[in-house]
Amino acid sequence: MKLSVRELTLIAIGIALITICSWISVPLTIPVTLQTFAVCLVTALLGLKMGLWSVIGFILLGAVGIPVFSGFRGGVGVLLGVTGGYIVGFLFTALTVGLAVKRFGRSFPVLILSMVLGILLCYAFGTAWFMIIYTRGGNAVTLGSALGMCVVPYLIPDGIKIVLAAALVRRLWPAVSKELIPA
């Protein structure tokens, strides 16, 4: 697959935005980063191909040790750790949002539904990964307790991030599509 200089530049901007948002932590009862917000926003704005490549680039940079993940962490150990499945799950979010905007456009309902579905897929993959890795350490965990630790605390913050990302896409899309996205 050949990418133009413009596409590579937009992908790099997407990676940078996801990285910056992964470093931003909102100190609530549990710390909440803006990673899922950025994955949804970048993919909805850049579309399937460039959005997915942005997420892949982000994951690959982190895998080789560049501290792009939350807490300024990087390395394969982060991806193979208990929360690594959620980072890999960003691929499902990007695929879902990217396919939806490609097929159905960028109306507010399409954005909201695709982002909700994408994050639910990320939760599913990440929680399954968490349970596998957590139990390998000799610990026992039920699905209910895993969901209680890894999903439930993030439902409201992720809902807010979805609405904000969708609203920003609706606001930015006219300018972005006119100025940046290749025809």
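Bear in mind that the values here come from a model prediction, so they are computed numbers and not experimental data. Hydrogens, waters and symmetry mates are skipped; everything else that's a heavy atom, side chains included, is used.
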The single option from Val42, Leu164, Leu41 that satisfies side chain to side chain contact (heavy atoms under 4.5 Å, CB included) with Val169 is Leu41
From the list Val55, Leu121, Thr96, side chain to side chain contact (heavy atoms under 4.5 Å, CB included) with Leu91 holds only for Val55
Applying side-chain hydrogen bond (donor to acceptor under 3.5 Å, both in side chains) to Thr33 and not counting sequence neighbours gives Gln35
Holding to side-chain hydrogen bond (donor to acceptor under 3.5 Å, both in side chains), I want the full list of residues that pass it with Thr36, two or more places apart in sequence or in another chain. Asp158, Lys161
Considering non-hydrogen atoms only, spot the tightest contact between Leu46 and Leu10 and give its length. CD1-O, 3.5 Å
Tell me the closest heavy-atom pair linking Leu52 and Ala94, and the distance in Å. CD1-CB, 4.0 Å
side-chain hydrogen bond (donor to acceptor under 3.5 Å, both in side chains) pairs, two or more places apart, involving [range]:
{"range": "residues 48-65", "value": "Glu7-Lys49"}
{"range": "residues 80-89", "value": "Tyr86-Thr127"}
{"range": "residues 61-80", "value": "Ser70-Arg73"}

side-chain hydrogen bond (donor to acceptor under 3.5 Å, both in side chains) assessment of Ser145 paired with Thr142: CA-CA 5 Å; Ser145 61; Thr142 65; 3.0 Å; yes
Rounded to the nearest 0.5 angstrom, the CD1-SG distance for Ile87 and Cys122 is 9.5 Å
Using the test side-chain contact (heavy atoms from CB on, under 4.5 Å), find all partners of [X] that sit at least two apart in sequence or belong to another chain.
{"X": "Arg136", "value": "Ile132, Ile133"}
{"X": "Leu60", "value": "Ile56"}
{"X": "Leu172", "value": "Leu45, Leu168, Val176"}

So the ring-ring contact (aromatic ring centres under 6.0 Å, His included) pairs with at least one residue in residues 142-172 (sequence neighbours excluded) are none
Give me each pair satisfying ring-ring contact (aromatic ring centres under 6.0 Å, His included) with a member in residues 116-142, each pair once, sequence neighbours excluded. Phe92-Phe125, Phe130-Tyr134
Fellow cluster residues of Trp23, listed by chain then number, with links counted only when side-chain atoms sit under 4.5 Å apart: Phe72
Identify each donor-acceptor pair in which a side-chain atom of residues 105-115 lies under 3.5 Å from a protein atom, sequence neighbours left out, and give them as a table.
residue	atom	partner	partner atom	Å
Arg106	NE	Ala44	O	2.5
Arg106	NH2	Ala44	O	3.1
Ser107	OG	Val110	N	3.4
Ser114	OG	Val110	O	2.9
Ser114	OG	Leu111	O	3.1

